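Worksheet: one structure, shown below.
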Amino acid sequence: MANPTNVKRQERLKVNVTAGEKDVLTKRADEAGRSLSEYLRQAGLGHRLGASAEQVMQTTSVLEQVLDMLRQIADQSGENEIDMMLVLMRLQQIERVILMLAPVDCSARFAPC
């Protein structure tokens, strides 16, 4: 997000972080398509950081896969036990694909079926 008022930012903050934290913050800023300063400023001010164009494209691709799997489930006919096992297997596949979209710390909280 650009500086909307064209006011020169002259104040500096010193933030102490570990080398690992710096690496994570720098990586997240890069992934969001922002400078580290802009990323930290937006996060600190409570603004939504949004996703980069690459992240949107990856997410769209994954969701298209999920849609195809759901269509396969909808196309299945019959109510016998084997058909229901196939539906369960496809739902588990969908669950795994959706978990790929979640951050690692988030996906670890949910146990797959």
Side-chain angles (χ1 to χ4, degrees):
M1 180 172 143
N3 184 353
T5 60
N6 293 324
V7 174
K8 184 167 172 74
R9 292 186 172 105
Q10 298 176 334
E11 297 295 322
R12 291 201 170 264
L13 295 175
K14 181 177 178 183
V15 179
N16 296 320
V17 295
T18 66
E21 290 169 333
K22 181 181 177 185
D23 290 344
V24 169
L25 291 168
T26 301
K27 180 181 176 197
R28 288 184 181 174
D30 288 343
E31 289 172 350
R34 291 181 165 78
S35 69
L36 182 57
S37 291
E38 182 65 20
Y39 179 83
L40 292 173
R41 189 169 30 257
Q42 294 301 313
L45 293 172
H47 298 161
R48 289 192 68 204
L49 297 173
S52 68
E54 181 181 342
Q55 289 170 319
V56 170
M57 294 300 291
Q58 289 173 346
T59 301
T60 300
S61 174
V62 169
L63 290 175
E64 285 173 350
Q65 291 175 27
V66 169
L67 179 60
D68 287 341
M69 289 180 209
L70 287 170
R71 284 187 179 135
Q72 291 173 3
I73 291 171
D75 290 342
Q76 292 211 329
S77 61
E79 294 185 17
N80 64 43
E81 192 172 316
I82 293 175
D83 288 340
M84 292 300 111
M85 290 300 290
L86 290 172
V87 168
L88 178 60
M89 286 174 36
R90 292 205 192 278
L91 288 171
Q92 289 171 335
Q93 288 174 330
I94 291 169
E95 179 183 39
R96 284 190 294 275
V97 170
I98 290 173
L99 285 175
M100 290 182 347
L101 295 174
V104 174
D105 58 344
C106 178
S107 61
R109 286 186 271 174
F110 302 102
C113 294

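Being a predicted model, the structure only gives us computed values, none of them experimental.
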Starting at [atom1] of [X], measure out to [atom2] of [Y] and round the result to the nearest 0.5 Å.
X: Arg9; Y: Glu38; atom1: CZ; atom2: CD; answer: 6.0 Å
X: Leu63; Y: Asp68; atom1: CG; atom2: CG; answer: 11.0 Å
X: Glu11; Y: Leu13; atom1: CD; atom2: CG; answer: 8.0 Å

Is it true that Met57 and Leu67 fall in one hydrophobic cluster, defined by side-chain heavy atoms closer than 4.5 Å?
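No, no single cluster joins them.
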Can you get from Val15 to Leu36 by hopping between Ile, Leu, Val, Met, Phe, Trp and Tyr side chains that sit under 4.5 Å apart?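 In one cluster: yes.
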### Val66: partners by side-chain contact (heavy atoms from CB on, under 4.5 Å), with sequence neighbours left out
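Leu70, Ile94, Val97, Ile98.
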Exercise: identify the closest heavy-atom pair between Ala29 and Ser35: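 Heavy atoms of Ala29 and Ser35 come nearest at CB-O, 3.9 Å.
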**Asked** Tell me, which pairs form a salt bridge (Lys or Arg N to Asp or Glu O under 4.0 Å) where one or both residues lie in residues 18-27, sequence neighbours left out?
**Response**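 For residues 18-27, and leaving out neighbouring residues, the salt bridge (Lys or Arg N to Asp or Glu O under 4.0 Å) pairs sorted by first residue read Lys27-Glu31.
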*Would you check if Gln92 and Leu88 make a side-chain contact, meaning some heavy-atom pair closer than 4.5 Å?*
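The answer is yes, as the side chains (C-beta and beyond) meet within the 4.5 Å cut-off.
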